[in-house]
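Notes follow the structure.
Heavy atoms only: backbone and side chains are in, while hydrogens, waters and symmetry mates are out.
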Amino acid sequence: MTHSLWTIILAAGQGSRLAASTGGTRKQFLHHEGHPLYWRSVLTMSAVPELAGVVLVFPPRELEQRSAELESLKNISDPGVRILTTGGGDRRQDSVRLGLAALPRDCTRVLVHDSARPFFSPALVQALLAGLTDDVCGVIPAIPVTDTIKQVENDLVLATLPRETMRAVQTPQLFPAALLRRVHEQALNNDWTVTDDASMIERAGYGVRIVPGETANLKITTPEDLRVLATPAPLPVPCTGFGYDVHAYGGNRPMVLGGMPIAGAPFVKAHSDGDVLLHALCDAILGCLGLGDIGEHFPDSDDRFENISSGILLSEVMDKARALGLCITHVDLTVIAQIPRLAPHKEAIRGNVARLLELCDQQVNVKATTEEHLGFTGRKEGIKAVAVVTATRKQA
């Protein structure tokens, strides 16, 4: 089954707390870097490879005006995904429900995002996508609460809440589209009032997972928040990494490619487990980061890496990538060998590499070829692999 991902971006709010400071302009329509604030969320979402389209929810009375504005923005910088518009409702949850009604019926996953949070990253969306598994019905970003939290009534403290169990929740939030539609209908029929979609899912009895949010993912709410708009947040920078690795045959390591054992293949010579494909992939990721090569980080002179799984090495490289704000968007891998025949193994390798990188299968491509009996691979003396990684990285 194809999993079609869309996002609903809410831009129908009144922004009453900011009205006096903006001359009556709603915050989502304030200009930032020459464009309305909601447009930044559209551009960030469009950098997510899995995204099929966007539904923008505007104030009903401004729908025609904003749709025309949107066409002008698309002519200047086309995000490359479908964009639909619809009018919102009186409450946030009404606007979400109307946005859900505008989604194509083949949409299976939906991100709900407040346009007042324009500074999230594509990496945050990838973390949400990785967190939506069969055992949960929603994934939301949240950050730890640093202040002491008091429960009060009539200006009197009733209790001090344990902040170590508290989280400040953000958007975007990710849900299965069919479930979110059902729960919104349930909320409408039962007259529920909620502040976000996750609380609606929770109230209906479903599980919601937390993933780490981003401190930069601020919500523009009060006049003090407007100062954030005066300091442009840098957009992620695209980058590309290239990796190459070779291993000779005739060693004592059973062949492993992309973390998958290849039965009946020649043994390889290696200090680690000899996974030529993951070694090339590690080098490509390190190339995106400007951090040298795999030999500098895991030298074959170090006994700690004797026969180590290359999946562990890749995990450590990915830890560095996440810490430096790298968001991998696509991986293209090629194995070059006369033997073994790899066609039966390509899909398993692809799926495992996607799992190791926390990507969708569609973001990983695996190819296998020979060199027509030329060179050392043609003489069946060894195997080599190349990897190309495309990604975005936060600016320093």
Side-chain angles (χ1 to χ4, degrees), residues 5-15 17-18 26-30 32 36-48 50-51 53-58 86 88-89 91-100 102-103 107 109-132 136-145 166-177 179-181 183-184 187 193-203 206 208-222 225 228-229 233 327:
L5 175 70
W6 280 68
T7 183
I8 297 170
I9 298 179
L10 302 172
Q14 298 301 310
R17 279 177 283 184
L18 272 177
R26 294 179 177 89
K27 56 192 173 186
Q28 62 268 37
F29 303 126
L30 292 172
H32 176 62
L37 202 58
Y38 71 81
W39 186 243
R40 186 182 178 100
S41 293
V42 174
L43 294 180
T44 301
M45 286 290 187
S46 69
V48 177
E50 300 93 327
L51 193 77
V54 176
V55 172
L56 277 162
V57 185
F58 290 130
T86 191
R91 301 172 298 176
R92 181 189 186 278
Q93 66 196 71
D94 298 323
S95 292
V96 175
R97 178 168 46 80
L98 293 165
L100 287 168
L103 288 173
C107 172
R109 297 172 298 171
V110 59
L111 293 150
V112 181
H113 182 59
D114 296 332
S115 61
R117 291 187 184 273
F119 301 117
F120 69 103
S121 74
L124 179 59
V125 178
Q126 294 291 353
L128 294 168
L129 292 170
L132 188 60
V136 297
C137 295
V139 189
I140 62 176
I143 58 176
V145 173
M166 301 290 165
R167 295 294 184 273
V169 173
Q170 303 174 333
T171 67
Q173 300 182 354
L174 177 66
F175 308 96
L179 174 65
L180 191 59
R181 286 190 182 101
V183 172
H184 266 274
T193 298
V194 297
T195 55
D196 72 348
D197 297 277
S199 57
M200 186 182 290
I201 292 284
E202 295 156 25
R203 188 166 179 177
Y206 298 100
V208 175
R209 172 173 289 155
I210 294 288
V211 299
E214 297 176 331
T215 55
N217 188 18
L218 302 172
K219 186 176 183 181
I220 308 299
T221 304
T222 65
D225 297 329
V228 176
L229 303 184
C327 175

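- With hydrogens and angles disregarded, a donor-acceptor distance shorter than 3.5 Å links the side chain of E214 to the backbone of S121.
- Nearest heavy atom pair, residue A177 against residue C107, reads CB-O, 3.4 Å.
- At a threshold of 4.5 Å between non-hydrogen side-chain atoms, the residues P172 and T7 do not count as touching.
- One finds the CZ atom of F175 at 9.5 Å from the CG atom of L128 (value rounded to the nearest 0.5 Å).
- In this structure, C327 and Q126 approach most closely via the heavy-atom pair SG-CG, 3.7 Å.
- Residue F120 holds its CZ atom at 9.0 Å from CZ of R40, rounded to the nearest 0.5 Å.
- Between the side chain of D94 and the main chain of G88, no donor-acceptor pair closer than 3.5 Å is present.
- In terms of modelled atom types and a separation under 3.5 Å, the side chain of S199 and the main chain of V194 share no donor-acceptor contact.
- With respect to the salt-bridge test (charged N to carboxylate O, under 4.0 angstrom), the residues D196 and R92 do not qualify.
- Interatomic distance, CD1 of I143 versus CE of M166, reported as 14.5 Å (0.5 Å rounding).
- Although no hydrogens or angles enter the test, the distance criterion places no donor-acceptor pair under 3.5 Å between the side chain of R109 and the main chain of L5.
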One pair to check against side chain to side chain contact (heavy atoms under 4.5 Å, CB included): V169 and T195. What are the steps and the verdict? CA-CA 11 Å; V169 173; T195 55; over 6 Å; no
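- The closest side-chain heavy-atom distance from V48 to L129 is below 4.5 Å.
- Each of M200, R203, R97 was scored for a side-chain contact (heavy atoms from CB on, under 4.5 Å) with V183, with one residue passing: M200.
- Summarising the geometry, atom CG belonging to L132 is positioned 12.5 Å from atom CD belonging to Q173; distances are rounded to the nearest 0.5 Å.
- Counting all heavy atoms, side chain and backbone alike, T86 lies closest to V55 at CG2-CG1, 4.1 Å.
- Note that CG of L111 is 9.0 Å distant from CD1 of I9, once rounded to the nearest 0.5 Å.
- Here the closest heavy-atom approach between residue G89 and residue L98 is recorded as N-CD1, 3.7 Å.
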Run the numbers on I140 and I210 for side chain to side chain contact (heavy atoms under 4.5 Å, CB included), then give the verdict. CA-CA 5 Å; I140 62 176; I210 294 288; 3.4 Å; yes
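- Distance check: I8 CD1 to L100 CG gives 4.0 Å after rounding to the nearest 0.5 Å.
- Across V145 and A168, no two heavy atoms sit closer than the pair CG2-N, 3.8 Å.
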Carefully, step by step, assess H184 and D197 under the rule side chain to side chain contact (heavy atoms under 4.5 Å, CB included). CA-CA 9 Å; H184 266 274; D197 297 277; 2.7 Å; yes
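- The heavy-atom pair separating P141 from G213 by the smallest distance is CB-CA, 3.8 Å.
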Would V112 and L180 satisfy side chain to side chain contact (heavy atoms under 4.5 Å, CB included), going step by step from the backbone distance to the final call? CA-CA 10 Å; V112 181; L180 191 59; 3.9 Å; yes
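- Remark: side-chain polar atoms of R209 are not paired, donor with acceptor, to backbone N or O of V136 under 3.5 angstrom.
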